[in-house]
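Below is one structure; the comments refer to it alone.
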Amino acid sequence: MLAELSPAVIAEVKFAATLLGSKQRICILTGAGISAESGIPTFRDKQTGLWGNYGVEDLATPDGFARDPKLVWSWYQWRRQLVADKSPNPAHYALAQWQYHAQSSKQQITLITQNVDNLHEQAGSTVTHLHGQLSRNRCSSCETPYQDQSSAAYDTQNVLNFDDTLITCSHCDGYIRPDIVWFGEALPVQAWETAETAAAGCEVFISIGTSSLVYPAAGLAQLAKQNGAHIIEINPDPTPNSIVDITLSQKAGIVLPLLIEDITAL
Ligand code: NAD
Ligand code: ZN
């Protein structure tokens, strides 16, 4: 792992670990990039990105669903199929390990994610979801959660298949939709409150694997900075986030295990 890192990145990891080890309130925001090494394409990465092939206005907006619910439902069933056999990677596990370690240290770590794949939970983390969860559905009219798992079934090869036939609500006959926050929709109130409170009160804010383009989530780093926090970014590519104090320009699955190992050894 170390062989993949330049001396400059190793030095920055040590610097970041020393800073983080000396602070108590840490807020972490993750995006699609933390799941890239699990084999889930990010939205904006060229070629492999889901973004390049489809218009977000057709697939991830209330208007898109109203125009063509079958297209949107099929897209989300396809994404469910895509993540069904994916597992957490070393970045997810490192964060879970840090949270576990923090139970016996004085650190308070709030993990917030824009991801809908549930890999943080699978790794053992406690996490706040800003953009919903792929595993959940609800009625698009009356909002009733839809529990039935009948839209997914194991085939003879034991592969989970997601049927793209539209489902309707038993209460109001509205179409069932994924419980995901689409563009133009408000974030869940409780989750956003948790995120704002943690960002405003933290001493260090860590942004991991997000292009920092989608608001309001992207504004959390600014909120933290305005309140005096240090900002650390983990991303192999540059982002428009101009308020970063420490940039760790490497894949999260390489940098995070080293960083957390250093912090928890302090
Ligand atoms: P993103 O795809 O915009 O950005 C991913 C970032 O991860 C990039 O900056 C990339 O450089 C970085 N990255 C790639 N590999 C990495 C690795 N191994 N380690 C660390 N970083 C790595 O994803 P985002 O910022 O999470 O997007 C924000 C939100 O935008 C999403 O949660 C989603 O809600 C929304 N969105 C939805 C759709 C859709 O539904 N169709 C499309 C686009 C955005
Ligand atoms: Zn309904």
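Every number for a ligand or one of its atoms is a count from 1 in the order of the listing. For the single chain, residues carry numbers from 1 onward in sequence order. Side chains are part of it too, since the values below use all heavy atoms of this structure and drop only hydrogens, waters and symmetry mates.
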Can you figure out which of [options] has its heavy atom closest to [atom]?
| atom | options | value |
| --- | --- | --- |
| atom 12 (C) of ligand 1 | Thr239, Leu29, Asp237, Asn235 | Asn235 |
| atom 32 (O) of ligand 1 | Glu37, His131, Gln250 | His131 |
| atom 30 (O) of ligand 1 | Val214, Leu130, Val181 | Val214 |

Ligand 1 to Gly209, heavy atom cutoff 4.0 Å, flagged ligand atoms 5 (C), 6 (C), 7 (O), 20 (C), 21 (N)
The atoms of ligand 1 lying under 4.0 Å from a heavy atom of Gly31, numbered in the order shown, are 26 (O)
Between the SG atom in Cys202 and the CD1 atom in Ile109, the distance rounded to the nearest 0.5 Å is 12.0 Å
To the nearest 0.5 Å, atom NZ of Lys86 lies from atom CD1 of Ile40 at 6.5 Å
Check: Would you call Trp182 and Val56 a side-chain contact if the rule is heavy atoms closer than 4.5 Å?
Finding: no
Would you check the N or O atoms of [X], main chain and side chain alike, for any that come under 3.5 Å of an N or O of ligand 1?
| X | result |
| --- | --- |
| Ser212 | no |
| Ala36 | no |
| Lys251 | no |

- Task: Determine, using heavy atoms of Pro236 and all atoms of ligand 1, whether some pair is separated by less than 4.0 Å.
- Result: yes
Using only atom types and a distance under 3.5 Å, with no angle test, would you say the side chain of [X] pairs donor to acceptor with the backbone of [Y]?
| X | Y | value |
| --- | --- | --- |
| Asn115 | Gly31 | yes |
| Asp117 | Leu134 | no |
| Lys70 | Asp164 | yes |

request  = May I ask you to check whether Asp163 and Thr165 show a side-chain donor-acceptor distance below 3.5 Å?
outcome  = yes
- Message: Under a 3.5 Å threshold, yes or no: a donor from one side chain and an acceptor from the other, between Gln99 and Thr126?
- Response: no
Vertex the Zn ion (ligand 2), ends Cys142/SG and Cys172/SG: angle to nearest 10° comes to 120°
- Task: Tell me, please, whether Trp75 has Arg80 positioned over its six-membered ring: NZ or CZ under 6.0 Å from the ring centre and within 45 degrees of its axis?
- Result: no
Residue part near ligand 1, for [X], under 4.0 Å between non-hydrogen atoms:
| X | answer |
| --- | --- |
| Arg79 | side chain |
| Ala60 | side chain |
| Phe183 | side chain |

Open item on the list: At a threshold of 2.8 Å, where the distance has to be below it, does the Zn ion (ligand 2) have an N, O or S atom of Cys169 nearby?
Closed with: yes
